[in-house]
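What follows is a set of notes on a single structure, which appears directly below.
Every heavy atom of this structure was used, including side-chain atoms; hydrogens, water molecules and symmetry mates were not.
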Amino acid sequence: MWPGHKSSPGAGPFTSHGLSSTIGDCNYFQSDFEICSRYGCIHLVKVVYLRVDTPNQTGSFAIKKVAISLFAILASTSFAMAADAGCDAFKWPVTREQELFPAAPAAQSGASLAFGEAADMALEPVDAVSFMVSPQRAPAAGTFGATANVAVPTEGELQISLSDEAWVDVIQDGQAVKSAGFSGVKTCLGVRKSLRFKLTPGAATIQLSGARKENLKVAVLAPE
């Protein structure tokens, strides 16, 4: 048992609990830390022991142990903050994609994607996909791809976001349209990249290629 239980909630998402005891000639201190972000909590347990030998040794030993413990806490806090800030690193908000992707309905290559919605695309081996125009970046062998149709709204702007790595081409009037904006973040859970296109209202085709996985979630939205 650890007598002397103390609990001290920290500010914001940080909470700590401490327990201390003496066994033999050593003092022990156990500290529990919980750091929370929007994606969950990290629970850490640190056990620091201070051996009591002579008065001169005790102070130096204690300082070293406290310094190590504080460094571990700061490192863990930085990790949690980085994870929380990952999706905020996009050039524009991707909160809609985060809400849509978990429940995105399944879709096959060649399907029509609804504007303002997301789909979980089943991809095919890239060599089996019939692209209207050759991808602007040649896909590597053994990767996957798909095509999808979309109706461009009157405003003529699309924001296409993906859950994972893949190359995106948007084809209209038989030509690949260059993206008007791009943002990619590797530390955002569930959203990898987002592109914006300025198009003519009407029909367009989305081409996906170079994906390393057989499924890819795609959202077709209006830019915010």
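Residue F144 holds its CZ atom at 13.5 Å from CG of L208, rounded to the nearest 0.5 Å. Taken from CZ in R196 to OG in S161, the straight-line distance is 8.5 Å, to the nearest 0.5 Å. Atom OG in S163 sits 5.5 Å away from atom CZ in F101 (nearest 0.5 Å). From L221, atom CG reaches atom CD of E157 across 13.0 Å, with rounding to the nearest 0.5 Å. Atom CZ of F90 is separated from atom OG1 of T95 by 11.5 Å, given to the nearest 0.5 angstrom. Taking NZ from K198 and NZ from K178, the interatomic distance works out to 13.0 Å, rounded to the nearest 0.5 Å.
When hydrophobic clusters are built by joining Ile, Leu, Val, Met, Phe, Trp and Tyr residues whose side-chain heavy atoms come closer than 4.5 Å, directly or via intermediates, L216 is grouped together with V220. Note on F197 and F115: same hydrophobic cluster, where clusters join Ile, Leu, Val, Met, Phe, Trp and Tyr whose side-chain heavy atoms are under 4.5 Å apart, directly or indirectly. By the criterion of side-chain heavy atoms lying less than 4.5 angstrom apart, applied directly or through intervening Ile, Leu, Val, Met, Phe, Trp or Tyr residues, I171 is not grouped with V150; the two fall into different hydrophobic clusters. A continuous path of Ile, Leu, Val, Met, Phe, Trp and Tyr side chains, each step under 4.5 Å between heavy atoms, connects V152 with L113, placing both in one hydrophobic cluster. Clustering ILVMFWY residues whenever any of their side-chain heavy atoms sit less than 4.5 angstrom apart, transitively, puts V218 in the very cluster that holds L123.
Counting only distance, with no hydrogens or angles, the side chain of K193 and the backbone of A166 share a donor-acceptor pair below 3.5 Å. Without hydrogens or angle criteria, Q172 side chain to V177 main chain gives no donor-acceptor distance under 3.5 Å.
You'll find the side chain of V170 reaches within 4.5 Å of the side chain of I160, heavy atoms only. At least one side-chain heavy atom of L158 sits less than 4.5 Å from a side-chain heavy atom of P153. Using a 4.5 Å heavy-atom cutoff, the side chains of I206 and N149 are not in contact. Here the side chains of F131 and T147 are in contact, with some heavy-atom distance below 4.5 Å. Between V191 and C87 the shortest side-chain heavy-atom distance does not fall below 4.5 Å.
In plain terms, the two heavy atoms of M121 and A146 that are nearest each other are CE-CB, 4.0 Å. Among all heavy-atom pairs drawn from Q98 and C188, the shortest one is NE2-SG, 4.4 Å. Taking all atoms of both residues into account, the shortest heavy-atom contact from P105 to A118 is CD-O, 3.3 Å. Between A122 and N215, the shortest heavy-atom distance links the atoms CA-ND2, 3.9 Å. The two atoms that bring A89 and V185 nearest to each other are C-CG2, 3.8 Å, heavy atoms only.
Applying the salt bridge (Lys or Arg N to Asp or Glu O under 4.0 Å) rule to D127 yields no partners; only residues at least two apart in sequence or on another chain are considered. With sequence neighbours excluded, the residues forming a salt bridge (Lys or Arg N to Asp or Glu O under 4.0 Å) with E165 are R192, listed by chain and number.
For the residue pair W92 and S194, a side-chain donor N or O sits within less than 3.5 Å of a side-chain acceptor on the partner. In this structure, a donor-acceptor pair under 3.5 Å is absent between the side chains of Q159 and E224.
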**Request:** Would you please test L100 and E117 for side chain to side chain contact (heavy atoms under 4.5 Å, CB included) and show each step?
**Result:** CA-CA 7 Å; L100 290 169; E117 301 293 337; 4.1 Å; yes
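The only option from R212, K213, K217 that meets the salt bridge (charged side-chain N to carboxylate O under 4.0 Å, His left out) definition with D164 turns out to be K213.
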